[in-house]
Enquirer: 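Okay, here's the structure, questions in a sec.
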There are 2 protein chains.
Amino acid sequence: MATALNIPIDRSSPVPLYHQVVQGIEGMIRSGALEPGSKLENEIELAAQLNLSRPTMRKAMDELVRAGLLVRKRGVGTQVVASQVRRHLELSSLFDDLARGGKAPATRVLSFRHGPAEPEIAETLQLPPGVGVYHFTRLRSVDEKPLALMENWVRDDVAELTEVGLRDHGMYQILRDAGVNFRLANQRIGAAVADAHQAELLEVAAGSALVTMERTAVDDTGRSVETGRHAYRADSYSFEMTLVQR
Amino acid sequence: MATALNIPIDRSSPVPLYHQVVQGIEGMIRSGALEPGSKLENEIELAAQLNLSRPTMRKAMDELVRAGLLVRKRGVGTQVVASQVRRHLELSSLFDDLARGGKAPATRVLSFRHGPAEPEIAETLQLPPGVGVYHFTRLRSVDEKPLALMENWVRDDVAELTEVGLRDHGMYQILRDAGVNFRLANQRIGAAVADAHQAELLEVAAGSALVTMERTAVDDTGRSVETGRHAYRADSYSFEMTLVQR
DNA sequence: CAGTGGTCTAGACCACTGC
DNA sequence: CAGTGGTCTAGACCACTGC
């Protein structure tokens, strides 16, 4: 009954073996070769099929379980999840998400300042003495339609930001290019109604629903690099995610 | 410079060793024994200190990285994240969240039906022929204040639901008690403005902001057990989460 | 170059499930 | 009871970082 894996493993590839397995199983699920609800062989058998050790096979399975593609039960086995799975909510930027979706995002920089931080922002970013911030607001549109109003603060010791740079590129892209490796973000999603100013910029009626998001992002040295408050048109944007039981 | 770990490891405990380490480090971070931004010893040294193998130590570290408490960098080392971390968005229920927060949630069951599913719901839950659904709406309040309006559909072959049961217990608790092991959920968070009906029940002005959430939950056999649409008062509720770079 | 985390192996023993 | 995933060990070799 269980489906055998037909995954090419390239031991000379720089891609880790467990990740080749992850990609292979993801591909088989996407292509339909592994049907929703179908059962996999036990992990010892699968490891043998692919000439891998059991820990390596397990590491691949663990990742797929965390991604929400497989479910496992001790004493029973491993199954492909019987429902369509959305992409896991990742640490990504709006600009990248839009670009990946084939859209052409456009950005208008509404304000841009550089200087010392207000106490509240200094506290949020835990700024050391002498470190200032860039503070700017942007309006992001897709196909001429306004989508998001974004206010952000960025430590000024991680990169040099300019108004022109922010108009032409996503903020995360600029920071990554400057050598910032983002590791995690704390974020809060809520709702609000548009005030007159927001309504005019986002081209909706005052009183329309907005999805609000506050985020602070941390890099691989543990520093809080960036914090921001965003408002999205609720008719054009929502946050999708897959939660996995720990 | 690096802080030594002072964690009791009990090899006779049913709690896995790696999880004892996770709990120990979490505790040291919470108590301040491990300061934000401080560096840990390398993992081989830490494993030796606790008399554990390196893979076991690594498994604990991996979990803490995923939880957003540690950041690691190859060739450099491991650090405690320098910012306050919120709890990871988990697969949990509103009722449990409120109860954990020391609140006393109250539920009013506004409607309750049992029968065949509408085609859209049957599709969402991928119901097999002959399986019906419970369909109900609830108003959840905390300290007499309305917080959420919830409409849910539950497969009728996983548990027997009653109006009284739903009034006195959280839905997830009832399902877990009936033997359902939830594994993952797909959810979408957005915003809306309250219509007259919602406004009256939630005791806000019509036109107030609401946080909306749609969710479908999957159990350990891969079945979609439950789907629902919820609306929360935006002035009292938001979704917090920590995203970790994959 | 020394130090760090990342990957991988070949085992062992155990807990849980369903018959 | 047989079958499954869960935990754990003691190594090995490698890639990357910062000096």
Side-chain angles (χ1 to χ4, degrees), chain A residues 1-3 9-23 25 38-66 70-80 179-181 183 219-222 244-246, chain B residues 1-3 9-23 25 38-66 70-80 179-181 183 219-222 244-246:
Chain A
M1 235 2 13
T3 316
I9 298 294
D10 177 4
R11 287 189 174 263
S12 67
S13 161
V15 177
L17 303 182
Y18 72 86
H19 200 244
Q20 294 184 36
V21 175
V22 168
Q23 293 176 322
I25 295 182
S38 65
K39 206 175 158 186
L40 297 187
E41 294 284 1
N42 72 66
E43 62 192 35
I44 295 176
E45 172 61 25
L46 292 179
Q49 279 178 22
L50 300 179
N51 271 308
L52 298 171
S53 71
R54 187 183 164 201
T56 298
M57 195 67 211
R58 270 190 74 75
K59 177 146 185 169
M61 310 285 267
D62 280 352
E63 211 158 292
L64 290 161
V65 167
R66 269 189 287 131
L70 300 180
V71 288
R72 324 191 75 184
K73 208 172 177 179
R74 191 198 308 217
V76 179
T78 304
Q79 275 184 296
V80 179
V180 176
N181 299 304
R183 279 304 150 87
D219 77 357
D220 59 2
T221 66
V244 178
Q245 181 80 344
R246 300 212 282 185
Chain B
M1 234 0 16
T3 316
I9 298 293
D10 177 3
R11 287 188 173 263
S12 67
S13 160
V15 177
L17 303 183
Y18 72 86
H19 200 243
Q20 294 184 37
V21 176
V22 168
Q23 292 176 323
I25 295 181
S38 64
K39 204 175 158 186
L40 296 188
E41 295 284 0
N42 72 66
E43 61 191 38
I44 295 176
E45 173 60 27
L46 293 179
Q49 278 180 21
L50 300 179
N51 270 310
L52 297 172
S53 70
R54 186 181 167 206
T56 299
M57 195 67 210
R58 270 190 74 74
K59 177 146 187 170
M61 310 285 268
D62 281 352
E63 211 158 294
L64 289 161
V65 167
R66 270 188 287 131
L70 300 179
V71 287
R72 324 191 74 185
K73 207 173 178 181
R74 193 200 308 220
V76 180
T78 304
Q79 274 184 297
V80 179
V180 176
N181 300 304
R183 279 303 150 86
D219 76 359
D220 60 1
T221 66
V244 178
Q245 182 80 342
R246 298 215 281 184

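Since we're looking at a predicted model, the values are computed, not measured. Basis for what follows: all heavy atoms, side chains included, without hydrogens, waters or symmetry-related copies. Letters A, B, ... are given to chains in the order of the sequence lines, protein chains preceding strands, and every chain is numbered from 1.
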Enquirer: Excluding sequence neighbours, so at least two apart, what forms salt bridge (charged side-chain N to carboxylate O under 4.0 Å, His left out) with A:Lys59?
Expert: none
Enquirer: Excluding sequence neighbours, so at least two apart, what forms side chain to side chain donor-acceptor pair (under 3.5 Å) with A:Thr221?
Expert: A:Asp219, A:Arg223
Enquirer: For A:Asn51, check side chain to side chain contact (heavy atoms under 4.5 Å, CB included) against everything at least two apart and list the hits.
Expert: none
Enquirer: Drop me the distance from A:Met57's CE to A:Leu17's CG, to the nearest 0.5 angstrom.
Expert: 11.5 Å
Enquirer: Please find the pair of heavy atoms, one from A:Gln23 and one from A:Val15, that lie closest to each other, and give the distance.
Expert: OE1-CG1, 4.1 Å
Enquirer: Closest-nucleotide mapping onto DNA chain C: is A:Tyr18 or A:Val76 further toward the 5' terminus? I mean the 5' end.
Expert: A:Tyr18
Enquirer: Under 4.0 Å, counting only non-hydrogen atoms across every strand here, what does B:Ile44 touch: a base, just sugar-phosphate, or nothing?
Expert: nothing
Enquirer: Applying salt bridge (charged side-chain N to carboxylate O under 4.0 Å, His left out), can you list everything that pairs with B:Arg54, at least two apart in sequence or on another chain?
Expert: B:Glu43
Enquirer: Starting at the 5' end of DNA chain C, which residue's closest nucleotide do you reach first, A:Gly75 or A:Thr56?
Expert: A:Thr56
Enquirer: Does any part of the side chain of A:Gln49, heavy atoms only, come nearer than 4.5 Å to the side chain of A:Ile9, both counted from C-beta?
Expert: no
Enquirer: Please give the stem ranges for DNA chain C, sorted by first residue number, where a stem is three or more consecutive Watson-Crick or G-U pairs and both donor-acceptor distances are under 3.5 Å.
Expert: C:1-18 with D:1-18
Enquirer: Which part of the nucleic acid does B:Pro16 contact within heavy-atom distance under 4.0 Å: base, sugar-phosphate only, or nothing?
Expert: sugar-phosphate
Enquirer: Could you measure the distance from the CZ atom of A:Arg183 to the CG atom of B:Leu70? Nearest 0.5 Å is fine.
Expert: 12.0 Å
Enquirer: Reading DNA chain D 5' to 3', which nucleotide is the first, and which the last, to come under 4.0 Å of any heavy atom in chain A?
Expert: D:dG3 to D:dT7
